[in-house]
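Beneath this line is the structure, given in C-alpha cells, with notes to follow.
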Amino acid sequence: MKMSWYNVRVCRAHRGAGKLEFITAYIFAESPLEVLKKYRSMPGVKRDFKGHTPVPDIIPLSPEETDLLEEKIAKERRISLNTAKRTWYYVSID
C-alpha cells in the first residue's frame, strides 16, 4: 500500500479532568490503522478510546494538500521532513 499523509484530530492530554482540547496533527502512514498505531505512541495525547475520549478523526490528504503540507514543514524548519514522516507533525500552537 502507498504511504500518504493523514490529517488527524488529536485530543490533548493533561488539560484537566473531563476537559477535551483538540489540535491538528499530520501522520504519514500506509493506512488509517497504521495512523492509529503511531497515534498511540504520541506523547501528550489521550488514548482511552473506551472512556470519554473520542477516536480521532483520520482524513487522508489529497496530492495538492500533501504538497502544501510538505512545503510548510520544509519552510518552518521546526522538524525535518524525514523526521515528520517517521513520526508526526503538529500544527504550530501559538
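Every value quoted in this text rests on a predicted model; they were computed, and no experiment measured them.
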Side chains of [X] and [Y] in contact at under 4.5 Å (non-hydrogen atoms):
X	Y	result
Val91	Ile23	no
Trp5	Ile73	yes
Trp88	Ser41	yes

So how far is it from [X] [atom1] to [Y] [atom2], rounded to the nearest 0.5 Å?
X	Y	atom1	atom2	answer
Glu65	Ser4	CD	OG	11.5 Å
Ile58	Tyr39	CD1	OH	9.0 Å
Glu30	Lys37	CD	NZ	9.5 Å

Practice prompt. Answer yes or no: is there a donor N or O on one side and an acceptor on the other, between the side chain of Thr83 and the main chain of Ile79, under 3.5 Å?
Written response: no
Discussion item. For Ser31, is there any backbone N or O sitting under 3.5 Å from a side-chain donor or acceptor partner on Glu34?
Written reply: no
Practice prompt. Examine Tyr89 and Leu81 and state if one hydrophobic cluster contains both, with Ile, Leu, Val, Met, Phe, Trp and Tyr joined whenever side-chain heavy atoms are less than 4.5 Å apart.
Written response: yes
Worksheet item: Under a 4.5 Å side-chain heavy-atom rule over Ile, Leu, Val, Met, Phe, Trp and Tyr, are Leu61 and Met3 clustered together?
Response: yes
Worksheet item: Would you say the side chains of Glu70 and Tyr26 form a donor-acceptor pair under 3.5 Å?
Response: no
Worksheet entry | Among Val35, Leu36, Asp57, Thr24, side chain to side chain contact (heavy atoms under 4.5 Å, CB included) partner for Val8 | Val35
Fill in: For the student: nearest non-hydrogen atoms of Pro32 and Tyr6, plus distance
CD-OH, 3.7 Å
Practice prompt. Only counting residues at least two apart or in another chain, list the ones meeting side-chain contact (heavy atoms from CB on, under 4.5 Å) with Ala25.
Written response: Val10, Met42, Tyr90
